[in-house]
Every structure is written in structure tokens, then in C-alpha cells.
Number of protein chains: 2
Amino acid sequence: MVRKSRSTGRITLDDVAKAAGVSRITASRALHGGRAVGAELVARVQQAAAQLGYIPDPAARALASARSTQVPVLVPMLSNALFVDLLEAVHRMLYPAGFQPMIGVTHYDPAEEELLLRNFLAHRPAGLLVTGFDRTEAARQLIANSGVPCVYLMETTDAPGVHCVGFSQTAAGSVMTQHLLDRGYRHIAFVAAQLDPRTLQRAEGYRATLKAAGCYDARLELLSPERSSMALGGRLLEELVRTHPEVDAVFFNNDDLAHGGLLGAHRLGLAVPSRVAIAGFNDLAGSDQMVPALSTVHTPRVEIGEQGARMLLQLIGGQTPTPSSIELDYQLVVRAST
Amino acid sequence: MVRKSRSTGRITLDDVAKAAGVSRITASRALHGGRAVGAELVARVQQAAAQLGYIPDPAARALASARSTQVPVLVPMLSNALFVDLLEAVHRMLYPAGFQPMIGVTHYDPAEEELLLRNFLAHRPAGLLVTGFDRTEAARQLIANSGVPCVYLMETTDAPGVHCVGFSQTAAGSVMTQHLLDRGYRHIAFVAAQLDPRTLQRAEGYRATLKAAGCYDARLELLSPERSSMALGGRLLEELVRTHPEVDAVFFNNDDLAHGGLLGAHRLGLAVPSRVAIAGFNDLAGSDQMVPALSTVHTPRVEIGEQGARMLLQLIGGQTPTPSSIELDYQLVVRAST
DNA sequence: GTTGGTTATGATAGCGCTATCCAATCATCG
DNA sequence: CGATGATTGGATAGCGCTATCATAACCAAC
């Protein structure tokens, strides 16, 4: 079929096909391997494509095949280094496999996530990576109805048919609390900001562990809806020490809060850990540099990104990954601050 | 024209047009405003679209119009909070205007940037935001030949026809150096990592200012190709103090290095600023929380993002922004560490 | 040979949308 | 009042690619 062009001078598959002396559809198959093509033709087409500098038009491919190579990755926030590490890992896995990760930032807002999802799904993505399970019912429906393979990151569930990679936030919260108990602290505060579900799960771990030890004091649990930051960590530590001077250890729910708390303690002239112990969560860059070095829980965000991406690639390839839910290990990292 | 469908049950513009009793092209124009359409028809079409839950297919739009709504934003690194702030600002401006910012991370690697550019340009983006001017010749050509409006961020140039928003890295480097001189320091070291062009420009400002004051000592200039990090900052401070004990001030090229340096000084038992003054660059979150609080240069990355995005929107709209080069102000922030 | 089952290649027909031209209507003006 | 131009709606023809079905070629088995 001959076609007249209103075209841009762009090199199309037709040009490649002509140069290789084959039909357009054969050129397509030779380049993208939809179906068997003779080895000699494949070579000829690939050479022609390389020589002409052919670049496939992703819009046309998406339109014709009802699938793009895009993979939206929805994370709550880029200012949390946790998610930057996660995104790097995801990118490292997906990009070489021919997929285009598209970063979407939800700002911890389910409504915003729903909007992003709606927009991204219009692009007919190859797959989908999202953070956690906390979303609007509409968003859930969008994912389900789209038929796009989806892997959930950071948290896990046993629900059948749900593919996820994460770790037990609750258990990780417990472990650090237990460590503080083991060290002999008895007035252990918990400080959290940005009260997303994972934060609350860690709080749950903290609470349960202290209750089991008979040391739980609700007044030592500070949950702030504000955005997590060093400044907030400092402020909350100060508040805590002023209103509850008996506090002898503070478990900050995030390393940035803990950094701020540690520095706040310095400002107040409180010795760490002798007057007050400080613990963090996530083991972000710099925690080992603090003075004293920060005890924290190292979370497997890189592995989550890698394994989540790998699982998604399997789903895209039509395989059924087993297990469908992967729970990874975290690591208690004991340093000088406790 | 009637068309048989191999379709997916997706709601198309045809469905909307039918429901509104107009032709497909009129529906398209009513929704996207390419050309004038009667007010009553617009209302009817919009209502039909809303009622059916119509979502335009971006791939089809891109294919038919040779333009998508995507706007690649290429930044060197997400682990530098600077660029996260920049991206947030860009997103805030572009998204409500109907454009889809696509984050691309170059890892400070021109070859990787070129690859990203090649891939992104295949999507026929509406516009392009890139960091600085340091790229491969091929990348330059790609941008120029694509005809896609492009705004350069972080640095500025007077070259005609180049649209850019940034600040003078050199001058900002000078200002902090001058501040240290004014405070009476005479053995001022410069510590940098990740030697991108902007870092080198700041080094240039440092060098020129010290030379003018007759205080320049090349041995106090530490340029490390490693990735910037707190750990590196601590390590380099230690090295500096060991090999050049006369050093009385250190200008770290980035706040994260400075944080590490400050903490390194603590570990070594060096009083800040009396034994050694510490200065940073960028005024990242937490610099005001350090003990002592970190003197630094506040850089206008949020404004760069906003104004860069605004400029790009003008270019996309066919306007010619004046001026084509915007140089923004930075702020010397003097705190206790100097 | 003919049948039947595999490949390997091609022709055709869209994917869902917009560019472009054309026709119809209406206001403006010498 | 017809000519002119501006404005609004529609018909047609693709954008660049792949799904789908048909066709041709080949080999094994009766």
C-alpha cells in the first residue's frame, strides 16, 4: 500500500523496510521480534535501521498495539531519600529491559495518586509499580479494571493474586523498640511525622513491644501530621524533654527526624546516649556520620526496588511469579547513639 | 466515515461525538480548543465526555498531531535535594497547565543524557527542560534538530536564542569566599566532589577571590571526583586538617559535604568555628539545624524551576520570552559555623 | 501425489486522534 | 445587493505502527 505523506521527514519503518527490501510488517517483526523472521532478513533489517538511524515512534506503537513500554512508578515523596534509592533500583532493572519508568509523586495524598493513576493509565502502560496499599476505592478499581500488571512495594499482604515486595514495618518497629529495652531504657518515646500507613505500622510495633514489657506510656508517643524534617525532629525532641523529662530514649520513625533530634539534643546540651538515647529508622545516608553515630534500622529499599521490578517483568512476560508476596529482611544497626 | 472496530471497549472520541450529536472532529475541537466551536456545542460535548468518562488517548493524540504533552526534565541526580526542589517547582507549574513532566536522571553522565534525550525525543515532547550546558555534541544536535522548545536550567548564557534560567555559580562561589575573608580567615580550603561544570564554576569564584586577596594556596583546593556525600565531607575534612593544619576555614561546595565536614570536625574535637570555620553551599534542609548552624549560600532552585517552567510554557505557546536569559539572586546565609 | 501441519512473508485494515481542505452561514462593505 | 472575508461545522485522509488473516513455501507422512 502506497501512502502519501504529510510527514516530517522523520525516518519511518517504511523507509527501513524499503532499504532492506522487505515489507513494513516484516521490518517491524525483525526489529521487535513479534514473530519468527528469517535470520538473514533480521540482519538486513537491523542493519538498515542502524544505518538510517531509525527510531521507532512510541506513540504509534502504543496506538497500534494497545500497549506502551511505560511503567509508572508511584512514590509518595522524593524528598525522602528512601524513595530515591527505591527509584534508582527500579530504574536499573526496568530500563535495560526496554521499559521506561515514569516517576509519579503522590505527596502522600490518595486523591493525588488517583489522579496520577488516571493519567498514567491512559498511556496504556506495560506495568505499574505503586507504594503500599492505602488508596482510594476508585484508584483500586482503576488498577483492577486496567488489566495492567501491578506490583505493590514496601508493604506485603497475603491476599491472593496481589503481587508485592516489602518488609514487615510492624516487626521492624518492634525490633528497634526491643533493642532499646534491652539496653535498659524504660521511658522510650516514639516520634513520627507524616503519618502514612507504614509509619503507623511501625508505631504499632513500638506500642505492642512496650506494652508487652509493661513500659508503655501513651504520653511518650508523639505523632505529628507534619512533613518529616530535621527541624521537626529537633522541635519534637525539645518538646518531649521539656514536658516529659523522664524520657531516656527516643525512637524516631525516620532518620531525618532522628538527625534533627540528635542535633537538638546537642543544642540542649543533653548527652547522647547517656542522658537520652536516640534511634532512627531507614539508615539513610549520613546516619553513620552523625556524632554519635545513629542507631537505626536498615531497610531493604534497594532490594524492594530490584525484586519488585523483577516481579513486574515476569508479570509483563505473562509468567506467574512465585511467591507472589516477598517479605524481605531489615537489619537492626546498632551504633553509638543508643 | 463509519469504522469497524477491533476495539477494547474503551470510550473513544467517536462515542462522545455520537452522544453529543456532532462529528468527531468537532468533539475534538470542543474538548481541546484547537479552533472556535459554538458555545452551545462545546457545552454539549463536554457534558457528554464527562458523562461517559471519556479519557483521551495520549498516544493517538501524539501520533495525529506530532506533539505530545510530555515534558522531559533532565536532572543529574535525585539524591541531591537541590534537584528534588527544582523538580517539585517544575511540576507545580507544568502539571496544571496540562503538561506531563517526565523525570530523567542523567547521573552526571553526558552519554547517559544523550541516550535519555534520544528516547524522550522519540515521544515528540511538547518541551524540554535540561540542566546546564555541558552535553555531548550529538545531544546538542538532537535538541536543535528536534525543534522542541528547550529551556536550560541552573546556568545562564548570553548566547542568542538560548533560553535559560539560573544564577552565577562563579559569583556565588566568590561571595562565600569573600565572606570568609571578611571574617578574618586566611587559610581557606575549598572542598568539592562530583566535579560537574557548576561545581567548577564555584571553584573558579573561590580561586579568583582568594587570588585577589593574595591568600590563594592551591594545596587547599580539594577536588574529588567521587559522589558527594556526608561521609566524603567528613573524610576530606579530616585529610585536610591532617595534611594542612594551618587551615582555618573550609568552604564545602555542597551542603551535604559540609554537614559531613561539620560532624567530622566534631569527631576530631575541632571547635567550629573557632578552630576551623565551615561553610556550605545550597542551603539544603537541615543546614539550619546543624550545631553550630551552617553558613551557606541559599540558591534559588525553586525560582529556577518556576521561572524555567514558565518560560517553557511561553515558548510552547509560540511566544518569545524576554529576556531569554534570567539570572536570579542567591543569598549568602551567615550562621554560626563561620 | 495429495493431505496436513508447520513455518516465513505479505496485504489489508485499522488503533484513536488531528491536519487540512471544503462547504455553509453570516456579517461587512462599497 | 452581490462580492468579500470571517467564522463555524464536517468529510477526508492520514500520523507510524501492529493485529490479523491470507498466502506461499517447505517438510513429513500416507
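- With a 6.0 Å radius and a threshold of 12 heavy atoms from other residues, nucleotides or ligands, A:Asp158 has its CG atom at or below the threshold.
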Side chains of residues 307-315 of chain A: which donor-acceptor partners sit under 3.5 Å, not counting sequence neighbours?
none

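- Between the NZ atom of B:Lys18 and the C1' atom of D:dG10 there is a distance of 16 Å, given to the nearest Å.
- Nearest heavy atom pair, residue A:Pro56 against residue A:Tyr54, reads CA-OH, 3.3 Å.
- To the nearest angstrom, C1' of D:dG9 lies 15 Å from CG of B:Leu13.
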Atom pairs under 3.5 Å: protein N/O with N/O of nucleotides 8-10 of chain C:
from: C:dT9; atom 1: OP2; to: A:Gly38; atom 2: N; distance (Å): 2.5
from: C:dT9; atom 1: O4; to: A:Arg35; atom 2: NH2; distance (Å): 2.2
from: C:dG10; atom 1: OP2; to: A:Ser23; atom 2: N; distance (Å): 3.1
from: C:dG10; atom 1: OP2; to: A:Ser23; atom 2: OG; distance (Å): 3.2
from: C:dG10; atom 1: OP2; to: A:Thr26; atom 2: OG1; distance (Å): 2.7
from: C:dG10; atom 1: N7; to: A:Arg29; atom 2: NH2; distance (Å): 2.8
from: C:dG10; atom 1: O6; to: A:Arg29; atom 2: NH2; distance (Å): 3.2

Which side-chain N or O atoms in residues 91-98 of chain B pair as donor and acceptor under 3.5 Å with protein atoms at least two apart or in another chain?
from: B:Tyr95; atom 1: OH; to: A:Asn119; atom 2: ND2; distance (Å): 2.5

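- Taking side-chain N and O atoms only, B:Ser28 has a distance below 4.0 Å to OP1 or OP2 of C:dT18.
- Evaluation of the side-chain hydrogen bond (donor to acceptor under 3.5 Å, both in side chains) rule for B:Gln47 yields no partner, not counting sequence neighbours.
- For B:His32 and C:dA19, the NE2 to C1' distance is 15 Å, given to the nearest whole Å.
- Contact annotation: A:Arg124 side-chain N/O to C:dG16 OP1/OP2 distance is under 4.0 Å.
- Remark: A:Tyr54, A:Pro56, A:Asp57, A:Ala60, A:Arg61 in residues 51-62 of chain A come within less than 4.0 Å of DNA chain D through at least one heavy atom.
- Residues forming a side-chain hydrogen bond (donor to acceptor under 3.5 Å, both in side chains) with A:Ser324 (at least two apart in sequence, or on another chain): none.
- Listed by first then second residue, pairs satisfying salt bridge (charged side-chain N to carboxylate O under 4.0 Å, His left out) with a partner in residues 127-140 of chain A read A:Glu113-A:Arg135, A:Glu137-A:Arg140, not counting sequence neighbours.
- Residue pairs meeting the salt bridge (charged side-chain N to carboxylate O under 4.0 Å, His left out) criterion with at least one member in residues 44-59 of chain B, sequence neighbours excluded, are A:Arg124-B:Asp57, B:Glu40-B:Arg44.
- Residues passing the side-chain hydrogen bond (donor to acceptor under 3.5 Å, both in side chains) test with A:Gln100, sequence neighbours excluded: none.
- Rounded to an integer number of Å, the gap from B:Asp14 CG to D:dA11 P is 12 Å.
- Rounded to a whole Å, the CG atom of A:Asp15 is 13 Å from the C1' atom of D:dC17.
- Pairs engaging residues 60-79 of chain B under the salt bridge (charged side-chain N to carboxylate O under 4.0 Å, His left out) rule: none recorded [sequence neighbours left out].
- Rounded to a whole Å, the NE2 atom of B:His123 is 14 Å from the C1' atom of D:dG16.
- The side-chain hydrogen bond (donor to acceptor under 3.5 Å, both in side chains) check on B:Thr136 picks up B:Glu114, with sequence neighbours excluded.
- Recorded end-axis angle for the helix from C:dG1-D:dC30 to C:dG30-D:dC1 stands at 50°, based on five pairs per end and rounded to 10 degrees.
- In this entry the distance linking CG of A:Leu63 with P of C:dA13 reads 18 Å, nearest Å.
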